[in-house]
Asks: 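Before anything else, here's the structure in question.
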Amino acid sequence: GDSVTQTEGLVTLTEGLPVMLNCTYQSTYSPFLFWYVQHLNEAPKLLLKSFTDNKRPEHQGFHATLHKSSSSFHLQKSSAQLSDSALYYCALRWGSNYNVLYFGSGTKLTVEP
Amino acid sequence: ETAVFQTPNYHVTQVGNEVSFNCKQTLGHDTMYWYKQDSKKLLKIMFSYNNKQLIVNETVPRRFSPQSSDKAHLNLRIKSVEPEDSAVYLCASSDRASNSDYTFGSGTRLLVI
């Protein structure tokens, strides 16, 4: 069935270093891919999403590119900030299932000084 | 203020009791969802309603029952709670007609003792 895989459960980085969080997917149909961020005791919030026209989405310095050939939508940022410490979810949605989002297992990012 | 509102924020109860959680959205969306976020932070869809009609019901124990009076409200009742029901229950909404993004509530944290 359709699924999203995030291989890293925990990522710890030093401030200023680049961030890359992995996300791969399996889908029968052409899916839409999303990244959500959840700070401690807050609601998950949309960070960015894939576009159908292959534009690279960017938000708050983060970007991700949908690669259909490798079924991936990795999240990247050139320089980590302390405020980026949070839980990051990759999610998949395909329209024929009533717009339901299916989430990966999440990656907890900790940025240290 | 337009958002997704959940009550209560936190609830402690004993095994075997019945609990109810409320969710209201003021975004004018036509679809609402219940997700369960467990102790390992796995985020899984439970139910989805579109215009008061149940459209998605993932594999959820029968003691869970959603209730929707109108498209702005989606409540969740759990009859006879079990210890494994301890989790954060997140309500979300989106607009299927316009293919809008999800907005999440801040969650109800349930502790079953």
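By convention in this document, chain letters (A, B, ...) are assigned in the order of the sequence lines, proteins followed by strands, and residues within each chain are numbered from 1.
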Asks: Using non-hydrogen atoms and a 4.5 Å limit, figure out which bit of Leu101(A) sits close to chain B: side chain, backbone, both or neither.
Replies: both
Asks: If the condition is salt bridge (charged side-chain N to carboxylate O under 4.0 Å, His left out), which residues does Arg77(B) pass it with, not counting sequence neighbours?
Replies: Glu18(B)
Asks: Check whether Gln6(B) gets within reach of chain A through its side chain, its backbone, both or neither, counting any heavy atom under 4.5 Å.
Replies: neither
Asks: What residue in Asp101(B), Leu42(B), Ile45(B), Thr103(B) has the most heavy-atom pairs under 4.5 Å with chain A?
Replies: Asp101(B)
Asks: Check whether Leu90(B) gets within reach of chain A through its side chain, its backbone, both or neither, counting any heavy atom under 4.5 Å.
Replies: side chain
Asks: Return the minimal non-hydrogen interatomic distance between Phe47(B) and Leu76(B), and the atom names on each side.
Replies: CE1-CD1, 3.8 Å
Asks: Do Asn22(A) and Gln6(A) have a side chain donor and acceptor closer than 3.5 Å?
Replies: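 No pair is found: no donor N or O on one side chain lies under 3.5 Å from an acceptor on the other.
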Asks: For Tyr33(B) and Ser94(B), does a side-chain donor sit closer than 3.5 Å to a side-chain acceptor?
Replies: yes
